[in-house]
Amino acid sequence: MLFHEYATEGFFDEMFTADGEVRPQYRAVADGLRGMESAEFQHKQEAVELAFMRGGVTFTVYNDTRGTERIFPFDCVPRVISAEEWDTVERGLIQRITALNLFLHDIYHDQKILKDRIIPPAHVLSARHFRREFMHFQVPRDIYVHICGTDLIRDRDGRYLVLEDNLRCPSGASYMLENRAAIKRAFPEMLRQAGVRPVDDYAQSLLRAMQFVAPPGYRGDDHPTVVLLTPGVFNSAYFEHAFLARQMGIPIVEGRDLVVRDFAVFMRTTRGLVPVDVIYRRIDDDFLDPSVFRADSLLGVPGLVNAARAGNVTLANSIGTGVADDKLIYYHVPRMIKYYLGEDPILDSVDTYLASEPKDRAYIIENLDKLVVKSANEAGGYGMLMGPWASAREIEDFRAQILANPRNFIAQPPISLSRHPTWVPENGAFAGRHIDLRPYVLYGEKITVNPGGLTRVALRPGSLVVNSSQGGGSKDTWVLRPAREEPAA
Amino acid sequence: MPAATAPSETGSAAARSAPPATVMLSRVASSLYWMGRYLERAENIARLLDVNIQLLIDFGSIGDQGIKEHWIPVLRSAGDEELFFQFYPKADSAAVTEFMTFHRDNPNSVFNCVGAARENARQVRDQISMEMWEVLNEAHLFLQAKDAHQVWQDGPSAFYDQVKRFSHLFQGLADSTFSRTEGWEYIQFGKFLERADKTTRILDVKYHILLPRATDVGGAVDTAQWQAVLRSTSALEAYRRFYVTEILPRKVAEFLVLSDTFPRSLRFCLRQLDVSLGHMGGGQRPAGPAVDDFDRLRAGLERLTIHDIIAEGLHEYLHNAQAVVGRLATHIYDTFMHHPPVDLASEIRFHQQEQQQQQQGL
């Protein structure tokens, strides 16, 4: 009924094969939705939205003086990943984060990978987020990236590709958890039938990872004081900060709640100053410490960096991880994996051309109308040229920008992202919409990938932009148990 | 180079022995306090308006002057008479109720009180239970809704009932989902402070106006007025059960000031404030002139009769009580909930100097 006009239109569809057969991992979803009337589905969809609004599962819209809060649009049709597919994704992500972490340690110490000419030194040293002042800085247990949210997409053949790494302050994990809670209420039976792995362990794993990296100066019991540092209630991700802090049972602090004395960090409490050991910070490097970075930052804590350097407090993620988010560095990740681990990458990257290299640059300039051009240090779908859909003026504009500052641009062939059945209320039926996937990786005693993640969906017909700031929504992501494994009692 | 000296910072480094669970940020304490206080205020104003709208119905036609005389004391008991006349030329029912319910520029309108309670809750969402947050959020959405004004016009009583219900629901949920940690004391402190303030104001304003008309005593209008005072403080039924007699001004005053069982009387509120004082910070009761005054006031309430108080002057007595409670609030706020913001420039200078000294191996 809801699917009778559904067409895959030549795209890779997550739920249906090209012949219109339901893929095996979607059987429970298909059974659950079959026979459901349009009005019934719409009712479920509205109930979930109301629950999000009531629960305040919202983000703040910037540039709105009334502080309008919106819910992050949610689509009730879950995205399903089979156990086999997940196994590949999981192994691939663990391999990738291991290599990236080794890379960060290397470039902030001996720079072997540069000396061995595996990566041109200029690519690293010119990166905007490379923090020269952190050379030879020791981080507890050599972990730089405690939390990583890697964006994956699937191409026309269903192949998983890494689109970008987010090694600074990746967001969205709270929506992953809230989405599951919502689906649990809306489709409990479908969820049970499908045999889905739970995601709820995320916050506890995160807390354990934070406690694992207590600073060398920590002399207390087994429970170092962990806090979450937020830019404050007006930040668009404040809901997430509060949500995670609550789930971990740790204080959420703002810069003004902290003070640094004798190279140690304290929070200002009703009982005076209380020491802090680990800071899960949701503030970018630039704003972290106005005595070191941007002096105009009102969000940070003067002296914080010095305290970290003295080994009295641990910052997660560490300072200077943003260098690995640079799209030029992205290009080199397969080489890193080979260099540090002696392995072939399990997950492929998107073919990438570097405007900084003369040969690539000539190709890019010639083929702007066929390529996607990205700024090396932008995120959130900004600073991008979608060549095939762009106007002549936009193309000329980018051509000039690239020639003026080649270091700052890369180009990739457009990827036809996979599509997924998504509710379209105007039609009262499902239609295919493009999606991506952001799984969350935690690096503590060992590296773990939460079985799920945030599936983002471009709700506008034909759109490839899944970012919430540009008309994107999200879906619950179901990772199925391996067939042999008995469901937990 | 001179040695770097740290800008002053109040409080001393607490011992590491304090487990993280018992640590409370001053900013969080402040938000919990204002959350409790603003919601209590919203409830009190909703009740005050509801009672007075209903009272007007009993009066029938009383003319413009009568209506004005009716509403001015209401504005006065909220402490917003002056602000009101900046926006409205005359105090009629529509203007006063609109002002006290929805006006965006009246910080004490029900709309703004609920908004402030909810905003404070939002800042400490990690500290309160999901249930508490949801009620505040729902109350906020109820007042923000496009049809809120219409719902109010269609049935003010039902509208105010709903506001009161949100507050009651919140208190019930706080009672059953919030751990009795230090944070609880700040919520309670805010709530009872607000209650003590509102009870004394409502009594003061009405007593002041009603009492001189000795000839009316016992008349139907007068009884209705005194009933309204009791209903404005949710005390009517409790009063009846306690005295089992007609409503007499002196007894109303006695009940609202001295009752040791009714949870909105001045005495009861002060006792609760006293309990909270003992549990704030490290548990050492705060000291200072403001606390001494408070202790004196509280001791008096345990000893005095309503005859003593009226002989001394009820208005003066209530006025003083409000001032003492207000000073206590300021003192407690400064002691536990407020750290003066650091001077960022001197803080940055200090840490940069420290860094240089470190690099020079000093």
Side-chain angles (χ1 to χ4, degrees), chain A residues 53-56 58 67 69 219-221 223-228 232-233 238-239 241-254 256-257 259-264 266-277 289-292 295 297-298 301-307 309-310, chain B residues 6-7 9-29 31 118-119 121-130 133-134 136-138 140-141 182-183 185-186 280-283 335-337 339 341-342 344-355 358:
Chain A
M53 203 64 204
R54 282 179 38 168
T58 53
E69 292 162 37
R219 295 276 178 273
D221 52 17
H223 300 287
T225 301
V226 182
V227 301
L228 186 152
V233 71
Y238 182 76
F239 160 76
H241 305 162
F243 180 91
L244 291 175
R246 200 175 64 237
Q247 294 246 322
M248 289 189 276
I250 63 172
I252 178 168
V253 302
E254 296 177 17
R256 59 190 160 121
D257 297 324
V259 62
V260 177
R261 289 290 174 266
D262 299 326
F263 304 100
F266 299 90
M267 53 182 164
R268 309 163 107 191
T269 77
T270 59
R271 302 177 185 198
L273 300 180
V274 171
V276 171
D277 306 304
D289 182 345
S291 73
V292 176
S297 168
L298 299 174
V301 186
L304 184 56
V305 167
N306 246 357
R309 225 193 304 246
Chain B
E9 170 73 18
T10 51
S12 56
R16 186 174 276 287
S17 58
T22 63
V23 161
M24 165 139 290
L25 290 176
S26 297
R27 176 178 56 80
V28 169
S31 284
R118 188 258 188 186
E119 187 54 34
R122 193 161 94 93
Q123 307 218 15
V124 293
R125 260 189 77 163
D126 57 311
Q127 299 282 331
I128 59 175
S129 66
M130 178 56 89
W133 160 253
E134 282 191 357
L136 281 179
N137 195 40
E138 241 181 287
H140 169 73
L141 294 174
E182 196 185 343
E185 305 301 336
Y186 294 101
M280 288 171 173
T335 306
F336 297 113
M337 296 179 249
H339 280 280
V342 294
L344 207 58
S346 67
E347 192 69 18
I348 290 173
R349 234 180 356 260
F350 164 67
H351 286 287
Q352 284 171 345
Q353 274 180 26
E354 211 174 44
Q355 235 166 299
Q358 199 185 21

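Per chain, numbering begins at 1; letters A, B, ... match sequence-line order.
The main-chain N or O of A:Ser291 is never found under 3.5 Å from a side-chain atom of B:His351 such that the two would form a donor-acceptor pair. Judged purely by atom type and a 3.5 angstrom limit, A:Thr270 has no side-chain atom pairing as donor or acceptor with the backbone of B:Ser26.
With a 4.5 angstrom heavy-atom cutoff, B:Met337 does not touch chain A via any of its atoms. Using a 4.5 Å cut-off between heavy atoms, A:Val305 makes no contact with chain B at all. Heavy atoms closer than 4.5 Å to chain B are found nowhere in A:Leu244, neither backbone nor side chain. Proximity to chain B involves both the backbone and the side chain of A:Met53, based on heavy atoms less than 4.5 angstrom apart. In this structure, the portions of B:Gln355 lying under 4.5 Å from any heavy atom of chain A include both its backbone and its side chain. The contact between A:Glu254 and chain B is made by backbone and side chain atoms together, counting heavy-atom distances below 4.5 Å. Both the backbone and the side chain of A:Val253 come within contact range of chain B, judged by heavy atoms closer than 4.5 Å. If you measure heavy-atom distances from B:Leu25 to chain A, the contacts under 4.5 Å come from both the backbone and the side chain. Only the side chain of A:Phe239 comes within less than 4.5 Å of a heavy atom in chain B; its backbone stays farther off. For A:Arg54, the parts lying under 4.5 angstrom from a heavy atom of chain B are both the backbone and the side chain.
The shortest non-hydrogen separation linking A:Arg271 to B:Gly281 is NE-O, 3.3 Å.
For the atom pair CD of B:Gln123 and OH of A:Tyr238, the computed distance is 6.0 Å after rounding to the nearest 0.5 Å. To the nearest 0.5 angstrom, A:Arg256 atom CZ is 13.0 Å from B:Leu344 atom CG. With values rounded to the nearest 0.5 angstrom, A:Ile252 atom CD1 is found 5.0 Å from B:Asp126 atom CG. Note that the CZ atom of A:Phe263 and the CD atom of B:Glu354 stand 3.5 Å from one another [nearest 0.5 Å].
For B:Glu185, the side-chain hydrogen bond (donor to acceptor under 3.5 Å, both in side chains) test picks out B:Ser276, with sequence neighbours left out. Partners of B:Arg118 under the side-chain hydrogen bond (donor to acceptor under 3.5 Å, both in side chains) rule, at least two apart in sequence or in another chain, are A:Glu69, B:Asn137.
Most heavy-atom pairs under 4.5 Å with chain A, from the set B:Gln127, B:Glu182, B:Met280: that is B:Glu182. Between chain B and the options A:Ala245, A:Gly55, A:Ala242, the largest number of non-hydrogen pairs under 4.5 Å is found for A:Gly55.
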side-chain contact (heavy atoms from CB on, under 4.5 Å) assessment of B:Phe350 paired with A:Arg261: CA-CA 10 Å; B:Phe350 164 67; A:Arg261 289 290 174 266; 3.7 Å; yes

